[in-house]
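Only one structure is covered here, and it is reproduced in the block below.
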Amino acid sequence: MLEDSAMGNITGQAGVIIELEDQTTGNITGQGGISIELETKINMDRFIYTDEGSLTVSDISIGGAERTDFFGFNGLGGPDSNDLLDNIRIDIDVLADGDAAINIRPQFFNAIDFRVTSGAWELWGQGAQNTALMDNLFIEGVLGRGSIHIDTDTDIMRLRSAFAIEVMDFDVPFAAVGIRGLSLTGADYDQTFPSVLDLFAEVDLYIYNGQRADGGSSLAIDMPSFAADIGMQEVIVGQASIGQIFIDDLAITNTQMRVYGH
C-alpha cells in the first residue's frame, strides 16, 4: 500500500514513475542467481604468442561433433546433431558467505558433445626459420559437467570437470610421430561391460596466487589426483605403424605447478 505522499510522486506520462524510500528499497533482495543457455561455434585463423620468437597455432575451430552417438551409447551427445557447441546451461550464484558458485551442465539429460580441430603449431624464429611442433589436431568427445567455486576466505578457485575423449588424432612432424584414435575415459570404465556412469574422467584443480621456489608470487595450479584409461589405436613412427598402446588405470597424484614470467 502506498501512502498519500508516495501517490503524489506518480506521474501520468508515457509510463509510471514511483519513488521508493530507503525503508522500502531495503526490502528488495536478489533471487536465485543467473542462468545462461549457450550455443556457439568458435573459429580462429591464427593464434600468435610472441616473445623473442613466436608460437603460432593456425585454423582453430571449437564446436559440436555433428553426431549424438559416443562410445556405443546412442544419444549420449544430445538430441541434435550439429556443429554447434550447445546443450549448455551455466548457473551462476553468489552465496551468503560471498563465494561464487558456477555450475556448467547439459540442458538435457545427456552429455555436451564437442569437436576441437587445428592446423599447424609452429615455432618461428626472427630469421623466419620455423619448426612444426604439431599438426592435424582432431578431438571429439563429451563433457559431463563442470563447476567453478571461488572461495572468498582462501582466495582459491576450484575447477572440476568430467569428460571423455572418444577419438583424438594428431601429428608431431619434428619427431616423425603420429597418433591415431587416442581415447580417454575414466579409470573404472570397462569396455567389456560398458557403463556410462564410469565413462568420464574426473579433473579437480585448485588455482590461486601461490609462492614459487625463489619466494615470489606465481599462478599456482594444484591437482591432487587424476585417474584415466588411455588407448591409442595406431602409433606411427617414421610413416610406419608400430602397433597399438593401452594404458590401464593411469594415476597422476600430488601434482603442483607454478607459472610465472621470467
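This chain uses plain numbering: 1 for the first residue, then up along the sequence. Just so it is clear, the values below take in all heavy atoms, side chains as well, and ignore hydrogens, waters and symmetry mates. For clarity, every value in this text was computed on a predicted model and none was experimentally measured.
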*Pick from Glu37, Glu39, Gln107: which one makes a side chain to side chain contact (heavy atoms under 4.5 Å, CB included) with Asp86?*
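The residue from Glu37, Glu39, Gln107 that satisfies side chain to side chain contact (heavy atoms under 4.5 Å, CB included) with Asp86 turns out to be Glu39.
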In the structure I gave you, are the side-chain heavy atoms of [X] and [Y] within less than 4.5 Å of one another anywhere?
X      : Y      : value
Met44  : Val57  : no
Ile165 : Ile139 : yes
Ile60  : Ile42  : no
Leu182 : Glu166 : no
Leu184 : Phe163 : yes
Met257 : Met223 : no
Leu85  : Ile112 : yes

Locate the shortest heavy-atom distance separating [X] from [Y]; write the atom from each residue and the value.
X      : Y      : value
Ser118 : Trp121 : OG-NE1, 2.8 Å
Ala111 : Phe200 : CB-CZ, 4.1 Å
Pro173 : Leu133 : CD-O, 3.6 Å
Pro79  : Asn110 : CD-ND2, 3.7 Å
Phe246 : Gly231 : CD1-CA, 3.8 Å
Gln244 : Gln233 : CG-O, 2.9 Å

_Taking the basic N atoms (NZ, or NE/NH1/NH2) and the acidic carboxylate oxygens, is any pair closer than 4.0 Å for Arg115 and Asp83?_
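No, no charged N to carboxylate O under 4.0 Å.
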*Should the pair Asp80-Arg67 be classified as a salt bridge under the 4.0 Å nitrogen-to-oxygen rule?*
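Salt bridge between Asp80 and Arg67, a charged N being under 4.0 Å from a carboxylate O: no.
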*If a pair satisfies side chain to side chain donor-acceptor pair (under 3.5 Å) and one of its residues is in residues 43-60, list it, with sequence neighbours excluded.*
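Of all non-adjacent pairs touching residues 43-60, those that pass side chain to side chain donor-acceptor pair (under 3.5 Å) are Asn43-Ser61, Thr50-Ser54, Thr56-Trp124.
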Count I, L, V, M, F, W, Y as connected when their side-chain heavy atoms are under 4.5 Å apart, and connections chain through other members. Are [X] and [Y] then in the same cluster?
X      : Y      : value
Ile179 : Leu137 : yes
Val94  : Ile36  : no
Met157 : Tyr208 : no
Val142 : Ile230 : no
Val259 : Leu205 : yes

In Å and rounded to the nearest 0.5 Å, what is the [atom1] to [atom2] distance from [X] to [Y]?
X      : Y      : atom1 : atom2 : answer
Thr154 : Tyr206 : OG1   : OH    : 10.0 Å
Ile104 : Arg160 : CD1   : CZ    : 13.0 Å
Ile88  : Arg105 : CD1   : CZ    : 12.5 Å
His149 : Asp93  : NE2   : CG    : 11.5 Å
Ser217 : Arg212 : OG    : CZ    : 6.0 Å
Ile148 : Ile102 : CD1   : CD1   : 4.5 Å

*Please work out which of the three classes, parallel, tilted or perpendicular, describes the rings of Phe71 and Tyr189, given edges at 30° and 60°.*
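Because their plane-to-plane angle is over 60°, the rings of Tyr189 and Phe71 count as perpendicular.
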*asked:* For Leu250, is the CG atom crowded, meaning more than 12 foreign heavy atoms sit under 6.0 Å from it?
replied: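 Counting neighbours around CG of Leu250, more than 12 heavy atoms of other residues, nucleotides or ligands fall under 6.0 Å, so yes.
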*Could you tell me whether Glu66 atom CD has more than 12 heavy atoms of other residues or ligands within 6.0 Å of it?*
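Buried by this count: over 12 neighbours within 6.0 Å.
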*When clusters are formed from ILVMFWY side-chain contacts under 4.5 Å, directly or step by step, what else is grouped with Val167?*
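Val167 clusters with Phe138.
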*So Asp169 and Asn136, side-chain contact (heavy atoms from CB on, under 4.5 Å) or not? Walk me through it.*
CA-CA 7 Å; Asp169 301 333; Asn136 303 317; over 6 Å; no
State whether the side chain of [X] and the backbone N or O of [Y] hold a donor-acceptor pair below 3.5 Å, judged by distance alone.
X      : Y      : value
Ser161 : Gly146 : no
Arg89  : Pro106 : no
Asp99  : Asp151 : no
Asn87  : Phe108 : yes

_Under the salt bridge (Lys or Arg N to Asp or Glu O under 4.0 Å) definition, can you give me all pairs with a residue in residues 176-195, not counting sequence neighbours?_
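Listed once each, the pairs are Asp171-Arg180.
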